[in-house]
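Both ligands and their constituent atoms are indexed starting at 1 by order of listing. Numbers for residues simply follow the sequence, beginning at 1.
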Amino acid sequence: MLFSTVTSWLATLLAATLRDERRVPPASPAPLQFELRHLHAVSSDARVVFKDVHHSDPLAATSELSTYALRPRRVKAHRPRSIDAFNTARLRSMRFQETEAIDWDEIEVEGPDVNDRETLLLLAKMTNNAYLSPGEQGWYELGDRWNVSYPFGWEPDDDGFRGHVFATPDNSTVVLSIKGTSASFIGGGGPTTKKDKFNDNLLFSCCCARVDWTWTTVCGCYRGGWKCDQNCLEEALVEDSLFYPIGTNLYNNLTYLYPDANIWMTGHSLGGALASLLGVTFGAPTLAIESPGEKMAANRLHLPSPPSTQHVTHLYHTADPIAMGTCNGVLSSCALGGYAMESKCHLGKSIVYDTVSNLSWAVDIRTHTIVNVIEKLLAEPWPPSVDQGREVPEAVPEEDCVECFSWDFGDYPAK
Ligand SMILES: *[C@@H]1O[C@H](CO)[C@@H](O)[C@H](O)[C@H]1NC(C)=O
Ligand SMILES: *[C@@H]1O[C@H](CO)[C@@H](O)[C@H](O)[C@H]1NC(C)=O
Ligand SMILES: *[C@@H]1O[C@H](CO)[C@@H](O)[C@H](O)[C@H]1NC(C)=O
Ligand SMILES: CC(=O)N[C@H]1CO[C@H](CO)[C@@H](O)[C@@H]1O
């Protein structure tokens with residue numbers, strides 16, 4: 001979860017030192033040029049609102065929309081043959097605990113080249129910008145002539161799922177960049193804070209964010225000791241977790257607007273987790289940055305699991321307690337803020353920067369900012385990877401990951 005306060009605080013510090021971020025695009029294969037097309041935000045009644053960025057806007061007219069490059073790579077993904085079958089299987093699993101095999105089409109699509117540092121860096125900047133309106137302090141220039149003074153932002157009472165949509169001029173590739181958590185406990189927050197926290201605790205805690213008796217839980221499935229009622233948990237998640245259905249709605253909107261496009265997902269923190277859940281649902285290439293473990297949430301949401309989730313790539317570092325699933329315990333900074341971030345297993349493959357070993361970073365919630373990823377991890381080739389002839393750590397699946405081992409999940413109906 002990104003604490004937007006920390007971001008803006010860091011952004012303020014960094015604003016003075018921001019370098020000219022123009023970068024030479026890689027020679028091959030042909031990089032894709034992107035521009036900002038829509039801001040998306042969801043109002044409290046869950047209506048999806050698009051705001052087109054008009055080329056004719058008076059404030060924009062003086063500057064051309066800037067473009068910038070991402071390097072594509074062919075990736076295999078699995079897409080449900082029918083979204084109706086996917087939904088039916090999901091409902092059947094939810095209602096009757098029955099597994100129904102569904103047909104998946106193996107597809108080969110262009111995804112971001114996750115071995116390419118510049119590509120990761122540009123996607124990271126897109127995820128940073130998902131927290132901001134163009135022109136706000138901390139917005140990364142995504143090209144040389146981008147004027148950040150667009151008056152488009154989100155309405156003050158939009159309090160949910162937010163981000164930006166970027167598209168190539170020929171509409172062949174579209175990137176959906178989803179905002180993560182904004183939190184108030186370090187002195188800021190904004191209108192999405194409450195829903196973000198609710199979603200975080202519902203999706204990433206073992207049992208309704210039951211940490212100790214002082215906590216207000218987000219659902220009523222705790223049954224004493226370390227017992228938790230599994231059915232209750234799943235019902236709560238399905239009924240109350242607004243962000244996933246909003247995301248699927250938004251994705252459908254995008255496929256309608258861009259019927260022939262490759263759609264990519266990206267996001268930071270909660271936004272990364274949502275990006276991954278959507279990426280798994282639709283077979284869309286995904287880069288999730290510093291996402292808390294979302295594998296448990298995928299199970300609890302009863303998402304039919306494709307034969308492989310290799311098209312989803314995570315990127316995080318070992319000093320980030322949220323991505324590592326160590327930001328819990330009564331005295332952790334997460335707990336003090338009212339968050340129970342207990343999950344740690346990620347879907348797909350993970351690019352893990354071992355900042356604890358190699359940079360001697362202390363595990364600290366303040367390292368969980370997208371600005372940190374942009375300025376410290378991705379700004380330069382990562383030395384331990386350079387030794388292996390690469391610029392970034394290799395993406396590998398997380399083997400033998402165990403979740404919530406002290407809990408006993410089962411059939412414990414409420415008395
Ligand atoms: C960019 O925006 C600033 C306001 O934020 C404005 O003063 C400036 O003239 C704009 N520049 C161009 C090239 O449009
Ligand atoms: C790209 O998509 C947008 C939105 O649907 C549409 O207005 C525009 O004409 C499309 N451009 C091209 C080159 O197809
Ligand atoms: C970090 O990695 C570099 C390159 O592999 C190595 O030279 C350096 O000693 C490492 N630092 C630590 C503290 O392990
Ligand atoms: C362009 C488009 O498809 N817009 C739709 C986005 O989703 C909302 C909510 O379902 C619809 O009302 C819009 O028509």
Side-chain angles (χ1 to χ4, degrees), residues 1-3 6-7 9-11 13-14 16-28 69-71 73 75 111-128 140 266 268-269 272 287-293 310 312-329 331-334 341 344-346 348-402:
M1 120 194 59
L2 192 159
F3 302 107
V6 174
T7 333
W9 168 70
L10 272 177
L13 288 183
L14 288 164
T17 56
L18 277 185
R19 297 176 308 282
D20 183 341
E21 292 292 338
R22 268 173 297 178
R23 288 176 191 273
V24 184
S28 66
L70 289 182
R71 190 194 287 191
R73 183 183 70 143
V75 291
D113 183 352
V114 296
N115 295 307
D116 182 51
R117 185 178 55 83
E118 302 278 347
T119 296
L120 297 174
L121 183 63
L122 277 166
L123 287 168
K125 288 178 181 174
M126 288 186 191
T127 70
N128 171 81
Y140 278 96
T266 193
H268 171 251
S269 197
L287 177 71
I289 302 180
E290 297 188 318
S291 161
Q310 309 283 295
V312 172
T313 307
H314 283 273
L315 186 157
Y316 59 90
H317 67 87
T318 53
D320 173 6
I322 292 187
M324 296 295 288
T326 54
C327 202
N328 47 62
L331 293 177
S332 69
S333 47
C334 287
M341 307 300 289
K344 61 180 179 192
C345 307
H346 299 88
K349 290 184 171 183
S350 300
I351 296 174
V352 183
Y353 285 80
D354 193 354
T355 50
V356 168
S357 305
N358 196 262
L359 299 179
S360 310
W361 285 8
V363 173
D364 188 322
I365 187 112
R366 285 169 297 180
T367 66
H368 177 76
T369 65
I370 186 64
V371 174
N372 208 25
V373 171
I374 294 170
E375 297 294 328
K376 305 250 173 77
L377 300 185
L378 291 171
E380 301 293 338
W382 176 240
S385 300
V386 171
D387 292 348
Q388 298 156 22
R390 314 171 45 84
E391 291 215 329
V392 300
E394 190 174 356
V396 291
E398 295 177 10
E399 309 279 2
D400 308 323
C401 184
V402 179

ask   = Do you see a protein non-hydrogen atom under 4.0 Å from atom 11 (N) of ligand 3?
value =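 There is a protein heavy atom less than 4.0 Å from atom 11 (N) of ligand 3.
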query = Looking only at atom types and distance, does a side-chain atom of Thr119 sit under 3.5 Å from a main-chain N or O of Arg71, one as donor and one as acceptor?
reply =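 Flag set: sc Thr119 to bb Arg71 pair under 3.5 Å.
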message = Tell me if a side-chain donor or acceptor on Thr266 pairs with a main-chain N or O of Leu287 at a distance below 3.5 Å.
response =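 Yes.
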ask   = Between NE2 of His317 and CG of Asn358, what distance do you get to the nearest 0.5 Å?
value =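 Answer rounded to 0.5 Å: 13.0 Å.
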ask   = Is Ser360 touching ligand 3 with its side chain, its backbone, both, or neither, if touching means heavy atoms under 4.0 Å apart?
value =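 Looking at Ser360 and ligand 3, no heavy atom falls under 4.0 Å.
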inquiry  = Can you report which non-hydrogen protein atom sits closest to atom 7 (O) of ligand 3, along with the distance?
reply    =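 Answer for atom 7 (O) of ligand 3: Asp387 OD2, 5.0 Å.
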query = Quick one: nearest non-hydrogen protein atom to atom 14 (O) of ligand 3, plus distance?
reply =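 Its nearest protein heavy-atom neighbour is Asn358 ND2, 3.5 Å.
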task = Please determine which of Leu120, Val114, Leu123 meets the side chain to side chain contact (heavy atoms under 4.5 Å, CB included) test together with Leu315.
result =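 The option that passes is Leu120.
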